[in-house]
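Protein chains get the first letters and strands the later ones, always in sequence-line order, with residue 1 at the start of each.
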Amino acid sequence: MKVYIKAVIADAIKTCRSAGTLTSAELPAIVVGRPTHPEHGDFSCNVAMQMAKGERKAPRAVAEILVERLRELAGIFDRVEIAGPGFINFFVTDAAWRLTLSDIDAAGADYGSSRSGAGKKVQVEFVSANPTGPLHVGHGRGAALGDTISRLLAATGWDVTREFYYNDAGAQISNLALSVQARCLGLEPDDPRWPADGYQGEYIRDLAAAYLAGESVASDGRQVTASGDPNDLEAIRRFAVAYLRREQDQDLLAFGVHFDVYYLESSLYEEGRVAEVIRRLVDSGHAYEQDGALWLRTTAFGDDKDRVMRKSDGSYTYFVPDIAYHLAKWERGFTRVINEQGADHHSTVTRVRAGLQALDQGIPQGWPEYVLHQMVTVMRGGEEVKISKRAGSYVTLRDLIDEVGRDATRYFFVMRKPDSQLVFDIDLAKEQTLENPVYYVQYAHARICSIFENAAQQGIVPPEAKEAALARLETPEEMALIKELAIFPEVVEGSALSFEPHRLTYYLQELAGQFHSFYNKNRVITDDSELTGARLFLLKCVAITLKNALAILGVSAPEKM
RNA sequence: GCGCCUGUAGCUCAGCCGGAUAGAGCAACGGCCUUCUAAGCCGUAGGUCAGGGGUUCGAAUCCCUUCAGGCGUGCCA
């Protein structure tokens with residue numbers, strides 16, 4: 001509808017220009033907005049004010065010229081008015097609005113989807129936790145955001161690959177192996193022989209027990225069986241990584257998140273990609289030796305200081321495999337990559353991009369794109385929760401899912417824009433009342449299903465689109481609902497383009513609210529079978545839209561509550 | 001010190017590629033169930049958009065600056 005109005009305005013300007021009533025050469029960007037106040041119509045446009053200067057006319061005079069032309073086009077408009085300093089306000093006929101209901105019904109589960117991505121490849125990398133412990137709440141926010149962004153992109157016609165990258169070989173993994181070994185030997189963290197910076201969580205104890213028991217673990221397509229030998233550090237390392245990866249997968253499964261690709265940092269070394277990147281960077285002339293280390297001149301690409309690639313002890317810093325990994329993404333044909341990470345890893349953004357620029361492979365400067373989410377604070381009983389029994393120093397994702405459920409956890413994690421710090425209120429998320437936004441929205445869906453159930457019991461058959469007497473829908477609540485339904489595709493598009501899933505939660509809240517208002521003022525099932533049919537048709541469309549929106553969030557739409 | 005994020009109602013937050021009288025939820029106060037789910041609805045009250053400058057017809061929104069909070073600023077990841 002918005003697109004249509006834009007086109008109509010552009011057309012009007014063109015016509016006036018060729019008729020000579022408008023003279024300026026420049027066509028301003030036409031912005032069609034939705035006025036806050038109903039008396040300003042369904043849509044408004046400020047183009048007359050923008051053109052006033054070039055036309056050397058008062059804004060209202062320009063608007064007058066355009067409106068004269070716009071009124072001739074009439075069509076879907078009840079009225080086109082000039083208001084305030086020169087706004088052009090459009091009032092769309094109820095009949096035109098009602099047509100969207102048939103569209104929704106016809107589209108069904110596809111309502112809200114589009115093909116704007118044109119089937120192009122996009123990769124979303126998210127979570128990417130190292131296998132050194134259970135996933136924590138920060139990973140949870142990343143998982144919810146990354147998965148929802150992936151669903152948004154899929155809904156807007158992109159071919160999405162979800163990818164999880166992890167380090168299975170570095171210093172932290174050695175540390176993990178040492179920690180498990182210490183537990184195998186019966187050491188406690190306060191023992192003087194306990195490894196420095198060892199992982200102290202209870203899960204290490206479980207892991208050690210599993211290792212000693214000779215358990216077998218499958219993860220990422222590999223089967224790893226514990227040797228049970230506490231002196232075989234390499235065997236411990238392999239088992240620990242597989243064990244914790246499986247644990248993380250179980251958490252992700254419980255969260256309804258799946259990945260298409262698990263990418264191992266070790267493979268970058270095995271395939272020689274790390275060495276290859278070093279070679280190319282040296283060849284490109286952007287690397288230099290100093291103090292026994294090999295540096296990359298990242299300052300040439302916007303970094304505030306140069307970075308070490310190969311340490312004086314001969315090992316690589318993490319950022320070399322990072323570059324190698326991203327080069328591999330590029331070579332895999334992902335001209336569009338979105339990395340979802342915690343903002344505490346913000347400093348990698350400039351470095352990775354700088355490294356890729358230094359390779360001189362024609363990779364665009366802003367590639368890859370990043371979505372960085374701010375910290376999560378968990379509250380219970382008005383106090384911050386910092387400790388998990390299992391992990392020790394942090395709250396795990398599994399704790400949250402177990403306590404508040406998958407739906408509420410996902411919903412809460414995407415309820416705020418990524419840039420904002422998130423306060424996760426466990427008490428609120430568990431609340432099965434109106435205070436809880438998830439239940440409020442799901443309840444709307446369940447309520448509609450209940451009405452249909454009720455209708456079925458009375459032998460009422462909901463009408464098909466063609467038979468529904470849509471013209472009978474005319475109360476303010478009905479029209480408000482229809483208008484709310486009509487903007488859903490724009491909300492999906494906007495959320496996808498900006499990587500802002502929270503817009504969907506606000507939309508759902510609004511739509512559910514419109515429905516509940518309608519429900520309280522209008523009875524659906526009445527003796528008037530024509531009106532009953534029309535209202536059932538409307539509610540069918542509301543249910544479709546609620547369900548589709550919730551599906552993008554990965555949240556269920558229950559039929560009974 | 002420098003970089004990024006944030007600062008909007010009592011609380012949690014939308015709005016931020018400039019638009020009309022700044023919104024929602026919760027909390028507070030007052031109403032609505034013999035009727036399809038009251039997990040709901042209606043109403044009232046609540047604001048120096050952190051402070052100060054600037055740009056413009058117009059600023060919560062853009063620019064500068066001050067203050068406050070968070071994160072980062074490794075030959076850690």
Side-chain angles (χ1 to χ4, degrees), chain A residues 29 31 33 35-37 39-40 44-46 49-50 52-53 58-59 83-87 89 128-130 132 167 170-173 197 265 290-295 303-305 307-319 321-322 342-350 372-375 377 379 415-423 425 428 431-444 446-455 457-458 460 477 498 500 502-503 505-506 509-510 512-513 515-526 532 535-536 539 560-561:
Chain A
V31 178
T36 336
H37 303 280
E39 62 268 30
H40 294 139
S44 73
C45 186
N46 63 355
M49 290 183 293
Q50 291 176 316
K53 213 171 217 173
F87 288 101
N89 294 334
S128 293
N130 283 340
T132 54
N167 172 355
Q172 295 192 45
I173 301 297
D197 304 320
E265 185 184 4
Q290 187 182 309
D291 303 330
L294 183 66
W295 297 68
D303 204 353
D304 55 355
K305 56 175 80 164
R307 305 291 166 180
V308 168
M309 295 194 288
R310 192 175 59 223
K311 298 184 251 179
S312 46
D313 68 2
S315 64
Y316 298 109
T317 55
Y318 70 91
F319 116 96
D322 266 6
D344 54 340
H345 285 231
H346 175 248
S347 57
T348 63
V349 176
T350 311
L372 303 173
H373 66 261
Q374 297 290 325
M375 287 184 57
T377 314
M379 304 287 284
M415 213 163 43
R416 308 290 175 226
K417 69 175 172 220
D419 282 341
S420 294
Q421 291 180 31
L422 178 92
V423 177
D425 185 335
L428 177 59
E431 198 78 48
Q432 306 210 349
T433 67
L434 63 150
E435 293 174 36
N436 189 338
V438 192
Y439 282 84
Y440 181 81
V441 172
Q442 290 182 320
Y443 182 58
R447 215 176 204 183
I448 293 170
C449 292
S450 166
I451 294 169
F452 273 90
E453 174 80 25
N454 204 286
Q457 277 173 15
Q458 296 179 39
I460 298 168
E477 296 79 28
S498 58
E500 291 181 336
H502 73 278
R503 296 193 194 190
T505 65
Y506 278 86
Q509 181 86 8
E510 188 66 31
F515 163 71
H516 288 307
S517 278
F518 161 82
Y519 175 90
N520 273 275
K521 282 192 194 141
N522 305 277
R523 216 183 143 72
V524 177
I525 299 168
T526 60
T532 299
R535 286 184 170 163
L536 284 173
L539 292 200
K560 272 200 172 71
M561 287 175 77

Nearest-0.5 Å distance that lies between atom [atom1] in [X] and atom [atom2] in [Y]:
X: A:Y506; Y: A:R503; atom1: OH; atom2: CZ; answer: 12.0 Å
X: A:I525; Y: A:N454; atom1: CD1; atom2: CG; answer: 4.5 Å
X: A:I451; Y: A:L536; atom1: CD1; atom2: CG; answer: 8.0 Å

Need to verify one output field. Residue with the more 5' nearest nucleotide on RNA chain B, A:E510 or A:S450?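 That would be A:E510.
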
Of A:A343 and A:A171, whose closest RNA chain B nucleotide lies nearer the 5' terminus?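 Taking each residue's closest nucleotide, the earlier one in sequence belongs to A:A343.
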
With both distances under 3.5 angstrom, what nucleotide forms a Watson-Crick or G-U wobble pair with B:C75?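 With both distances under 3.5 Å required, B:C75 matches none.
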
Tell me the partner of B:C67, counting only Watson-Crick (N1-N3 plus N6-O4 or O6-N4) or G-U wobble (N1-O2 and O6-N3) with both under 3.5 Å; none if nothing fits.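 With both distances under 3.5 Å, B:C67 matches B:G7.
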
Does A:K417 pair with A:E500 as a salt bridge, N-O distance under 4.0 Å?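 Here A:K417 does not pair with A:E500 in a salt bridge, since their nearest N and O are not under 4.0 Å apart.
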
Using the six-membered ring of A:Y519, assess whether NZ or CZ of A:R447 lies under 6.0 Å from its centre and within 45 degrees of the ring axis.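 Here A:R447 passes the 6.0 Å and 45° test against A:Y519.
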
Please give me the minimum heavy-atom distance between A:L372 and A:D419, naming the atom from each residue.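 Closest approach of A:L372 to A:D419, heavy atoms only: O-OD1, 4.1 Å.
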
[N] and [M]: how far apart are their [atom1] atoms, nearest whole angstrom?
N: B:U44; M: B:G25; atom1: P; result: 13 Å
N: B:U8; M: B:G69; atom1: C1'; result: 16 Å
N: B:A22; M: B:C29; atom1: P; result: 27 Å

Considering every strand and a 4.0 Å limit on heavy-atom distances, what is the contact class for [X]: base, sugar-phosphate, or nothing?
X: A:H345; result: base
X: A:A446; result: base
X: A:M561; result: base
X: A:S347; result: base
X: A:D322; result: nothing
X: A:N522; result: base
X: A:R310; result: nothing
X: A:F319; result: nothing
X: A:A293; result: base
X: A:V524; result: base

Does the pair A:T132 and A:N130 meet the rule for a side-chain hydrogen bond (donor to acceptor under 3.5 Å, both in side chains), with working shown? CA-CA 6 Å; A:T132 54; A:N130 283 340; 5.9 Å; no

Protein-nucleotides 18-21 of chain B N/O pairs under 3.5 Å:
from	atom 1	to	atom 2	distance (Å)
B:G19	N7	A:N46	ND2	2.8
B:A20	N6	A:S44	OG	3.3
B:A20	N6	A:N89	OD1	2.7
B:A20	N1	A:N89	OD1	3.4
B:A20	N1	A:N89	ND2	3.1
B:A20	N3	A:H40	NE2	3.4
B:U21	O2'	A:H37	NE2	3.2
B:U21	O4	A:E39	OE2	3.0

Give each protein N/O atom lying under 3.5 Å from an N/O atom of nucleotides 28-34 of chain B, with the pair distance.
none

Heavy-atom donor-acceptor pair, A:N46 side chain to A:M49 backbone, under 3.5 Å: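 A pair under 3.5 Å: no.
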
Under the rule for side chain to side chain contact (heavy atoms under 4.5 Å, CB included), what residues qualify as partners of A:Q421, not counting sequence neighbours?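 Listed in chain order: A:Q374.
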
Under 3.5 Å, is there an N or O donor on one side and an acceptor on the other linking the side chain of A:S312 and the base of B:C75?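 Result: at least one qualifying N/O pair found.
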
Could you tell me whether the side chain of A:Y318 has a donor or acceptor atom within less than 3.5 Å of a complementary atom in the base of B:A77?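 Counting by modelled atom types and ignoring angles, a donor-acceptor contact under 3.5 Å is found here.
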
As a test of the definition: with a 90° window around 0 for syn, would you call B:C4 syn or anti?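 Anti, since the glycosidic angle lies more than 90° from 0.
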
